[in-house]
Structures are given as C-alpha cells and as structure tokens.
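Starting from 1, each residue takes its place in the sequence as its number.
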Amino acid sequence: VQLQASGGGLVQPGGSLRLSCVASGFTSSDVYTIGWFRQAPGKEREGVSYIGDSRRFYADSVKGRFTISRDKAKNTVYLQMNSVNPDDTAVYYCAARRGNNMIASSWRQQQYYDFWGQGTLVTVSS
C-alpha cells in the first residue's frame, strides 16, 4: 500500500488550497479510513481531519475552514483548506488505517494508522 499526498504550495493568508491523497495497493474489498495530519516547524505532528465511511472529524483549529471528502472510485481523499492563516503552515501527511470507522477519541492517535504518505508542504505567507 502506498499513499501519495500532493497539492501543497505557497498560499497567501485568507486563500485556499486543496490537498489530495491517493491510496494505491488496496483491493476493491479492503475497508480503510484516512486521516490528515500536519507537522509545523518545531512542533509535534498533530491530527487535522479524518474521514471514515460515515464519520468525519476535524481538529478545533480547522473546524469551519477545512473540509475533508472522499472519492472512492479514485481512491482519493481531499482536504479543502479555506481561509488559511500562517498557523496552517506545515508539512501535511495522510495516513490510512485498515478497518471501519474510528471513534472521536481515537482518530488523532497516530499509532492506530497502518500506512503513511510522504507529506506535502503548505506555506501560508504574504
């Protein structure tokens, strides 16, 4: 299984960006869910958002600004980032976990994820 994150770049404060995470190597019968994480310079990696078959979770810091979505036919998960600010500057990673929905108290726990992508850098600056 491989995860390919893309879509990062330089964006001005208040702008928008859409990240993509393409998962390859899963079979058509595999069930998996995806989380987005980010790591800012000098900080620990943190959970940003999560999408399961029937659940979506967001970190408080991005709620109302970011939207996670999934195109199962393309094995792709998107993270639409709106109204970005300099605090959103980070390397963004997607991660996959085999199995069904995670619960609200678990999706941020990085040890529960089985596969990780390489990360894509988002820089918010004027």
Side-chain angles (χ1 to χ4, degrees):
V1 172
Q2 289 187 330
L3 301 176
Q4 181 71 42
S6 64
L10 176 64
V11 58
Q12 291 186 343
S16 297
L17 207 60
R18 188 177 79 161
L19 306 183
S20 300
C21 174
V22 179
S24 60
F26 287 109
T27 69
S28 58
S29 60
D30 281 330
V31 176
Y32 64 95
T33 59
I34 297 287
W36 279 101
F37 292 79
R38 68 186 181 185
Q39 187 166 21
K43 295 185 177 181
E44 294 186 352
R45 191 159 57 184
E46 63 176 1
V48 175
S49 186
Y50 168 86
I51 187 164
D53 193 46
S54 59
R55 294 176 183 173
R56 301 179 186 184
F57 299 123
Y58 297 93
D60 288 344
S61 59
V62 307
K63 202 171 294 183
R65 301 187 298 120
F66 292 10
T67 302
I68 193 168
S69 61
R70 186 172 189 171
D71 185 334
K72 288 187 176 182
K74 296 182 178 179
N75 290 329
T76 301
V77 171
Y78 303 99
L79 184 69
Q80 178 67 42
M81 306 168 58
N82 296 331
S83 302
V84 297
N85 60 64
D87 290 339
D88 296 319
T89 295
V91 177
Y92 284 72
Y93 301 88
C94 59
R97 181 180 185 272
R98 291 188 185 276
N100 292 313
N101 290 315
M102 296 177 74
I103 60 177
S105 60
S106 299
W107 71 271
R108 292 182 181 85
Q109 303 303 315
Q110 299 176 43
Q111 67 269 27
Y112 291 154
Y113 291 83
D114 302 302
F115 308 101
W116 289 82
Q118 84 293 354
T120 185
L121 175 63
V122 173
T123 303
V124 182
S125 176
S126 55

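Note on residues 47-59: pairs passing side-chain hydrogen bond (donor to acceptor under 3.5 Å, both in side chains), not counting sequence neighbours, are Thr33-Tyr50, Asp53-Lys72, Ser54-Asn101. The list of side-chain hydrogen bond (donor to acceptor under 3.5 Å, both in side chains) pairs with a residue in residues 78-94, not counting sequence neighbours, reads Ser16-Asn82, Arg38-Asp88, Arg38-Tyr92, Arg65-Asp88, Gln80-Asn82. The list of side-chain hydrogen bond (donor to acceptor under 3.5 Å, both in side chains) pairs with a residue in residues 112-126, not counting sequence neighbours, is empty.
Hydrophobic clustering (side-chain heavy atoms under 4.5 Å, transitive across Ile, Leu, Val, Met, Phe, Trp, Tyr) groups Phe26 together with Val77. Residues Val48 and Val122 share a single hydrophobic cluster, defined by chaining ILVMFWY side chains whose heavy atoms lie under 4.5 Å apart.
The CD1 atom of Ile68 lies 11.0 Å from the CZ atom of Phe57; values are rounded to the nearest 0.5 Å. How far CD1 of Ile34 is from CH2 of Trp107: 13.0 Å, rounded to the nearest 0.5 Å. From Arg18, atom CZ reaches atom CE of Met81 across 13.0 Å, with rounding to the nearest 0.5 Å. A distance of 14.0 Å separates CG in Leu79 from CZ in Arg70, rounded to the nearest 0.5 Å. Taken from CD in Gln4 to CG in Asn75, the straight-line distance is 14.0 Å, to the nearest 0.5 Å.
Between Trp36 and Ser20, the closest heavy-atom pair is CH2-O, 3.6 Å. Scanning all heavy atoms of the two residues, the minimum distance from Tyr32 to Ala96 falls at CD1-CB, 4.4 Å. Nearest heavy-atom pair, Ala59 versus Gly47, reported as atom, atom and distance to 0.1 Å: CB-O, 3.5 Å. Between Leu17 and Gly9, the closest heavy-atom pair is CD2-N, 3.9 Å. Here the closest non-hydrogen pair linking Leu19 and Gly8 is CD2-N, 3.6 Å.
The side chain to side chain donor-acceptor pair (under 3.5 Å) check on Lys43 picks up nothing, with sequence neighbours excluded. For the side chain to side chain donor-acceptor pair (under 3.5 Å) test, residues two or more places apart in sequence or in another chain that qualify with Gln110 are Arg45. Under the rule for a ring pair (Phe, Tyr, Trp, His ring centres under 6.0 Å), Phe66 has no partner lying at least two apart in sequence or in another chain.
Crowding of Gln39 atom CD: a count of heavy atoms from other residues, nucleotides or ligands under 6.0 Å exceeding 12.
Within the 4.5 Å cutoff, the side chain of Asp30 has heavy atoms near those of the Arg98 side chain.
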